[in-house]
Amino acid sequence: MGNEYTIPEFPDSVVEEAFVAYLISHTISSNYVPFIKEFTTLNDEIISDCLNINVKTYRSYRDKTVELKPIQQEHTLAMLSVLKHGVKVFDSKEKLTEWLQKPNYFFDNLPPFQFLKTISGIQFLDHKLSSIESGDTI
């Protein structure tokens, strides 16, 4: 699998203050992208689609370090943070993935993973995960 990296510490939700502070003080490189698999069992095609990159590029991030554009850095960190939050809420990446892939009334009958494609969608997911933590059924 190429280079092995220790998963970095990063925010476990997309709360603005901690999230922006992390982005200011860290450079998010392609080394972060493979860590998405630490938090979900979504397949490579879905993950690459959510990151708005092709599967070949996504897979290449496992083997080489590439500097990401600022928008890619933000999107990668946001996706990692919301998935980390989701694992905390659902107690496993398998249960989180099941929730992400199942059409949901509260998401206009779309599977929640569809909202991982944009920052505002990720923030929406993060808010829904917080609601679940508070006892709401979603």
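Given the structure is predicted, the values throughout are model-derived calculations rather than measurements.
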When rounded to the nearest 0.5 angstrom, what is the spacing between NZ in K84 and NZ in K93? 15.0 Å

No-hydrogen, no-angle side-chain donor-acceptor test under 3.5 Å, E133 and H85: yes

Are I71 and V66 connected in the hydrophobic side-chain network, where two residues link if heavy atoms are under 4.5 Å apart? no

Rounded to the nearest 0.5 Å, how far does OG1 of T76 lie from OH of Y32? 10.5 Å

L129 versus K88: any side-chain heavy-atom pair under 4.5 Å? no

Any side-chain heavy atom of R62 within less than 4.5 Å of one from D44? yes

Backbone of K37 reached by a side-chain donor or acceptor of T40 within 3.5 Å: no

Starting from the C-alpha separation in whole Å, work towards a yes-or-no answer on side-chain contact (heavy atoms from CB on, under 4.5 Å) for Y61 and I36. CA-CA 12 Å; Y61 288 165; I36 291 169; over 6 Å; no

So, does N52 use its side chain to make a donor-acceptor pair with the main chain of K117 at under 3.5 Å? yes

Between T118 and I122, is there a side-chain heavy-atom distance shorter than 4.5 Å? no

For S60 and T57, which heavy atoms make the closest approach, and how far apart are they? OG-O, 2.7 Å

Are L42 and L110 in one and the same hydrophobic cluster, where Ile, Leu, Val, Met, Phe, Trp and Tyr link if side-chain heavy atoms are under 4.5 Å apart? yes

Supply the atom-to-atom distance I47 CD1 to R59 CZ, rounded to the nearest 0.5 angstrom. 10.0 Å

Go through I132 and F90 one step at a time and tell me if the side-chain contact (heavy atoms from CB on, under 4.5 Å) criterion holds. CA-CA 9 Å; I132 293 169; F90 287 101; 3.9 Å; yes

Criterion side-chain contact (heavy atoms from CB on, under 4.5 Å) on H127 and S130, from CA distance to verdict: CA-CA 5 Å; H127 290 293; S130 293; 5.6 Å; no

Indicate yes or no: at least one non-hydrogen side-chain atom of L23 is less than 4.5 angstrom from one of I28. yes

Closest heavy-atom pair, I119 versus A78, reported as atoms and distance to 0.1 Å, is CD1-CB, 3.9 Å

Donor-acceptor under 3.5 Å (T65 side chain, S30 main chain): no

Donor-acceptor contact present, side-chain N54 to main-chain K56, <3.5 Å: yes

Yes or no on side-chain contact (heavy atoms from CB on, under 4.5 Å) for L51 and Q72, after CA distance, side-chain angles and deciding distance? CA-CA 8 Å; L51 289 170; Q72 293 171 313; over 6 Å; no

Approximate separation, where rounding is to 0.5 Å, of F106 CZ and K128 NZ: 7.0 Å

Ignoring hydrogens and geometry, is there a side-chain-to-backbone donor-acceptor pair from S81 to L77 under 3.5 Å? yes

What distance do T97 atom OG1 and L83 atom CG have between them, rounded to the nearest 0.5 Å? 8.0 Å

Between F113 and W99, is a ring-ring contact (aromatic ring centres under 6.0 Å, His included) present by the stated rule, with each step listed? CA-CA 9 Å; F113 83 81; W99 180 77; over 10 Å; no

Whether H26 and Y22 hold their rings parallel, tilted or perpendicular, with breakpoints at 30° and 60°: parallel

If we ignore hydrogens and angles and just use 3.5 Å, is the side chain of H75 paired with the main-chain N or O of C50 as donor and acceptor? yes

Please determine whether the number of non-hydrogen atoms from other residues, nucleotides or ligands lying under 6.0 Å from atom CD of E94 exceeds 12. yes

Nearest 0.5 Å please: distance from the CG atom of L68 over to the OG1 atom of T27. 10.0 Å

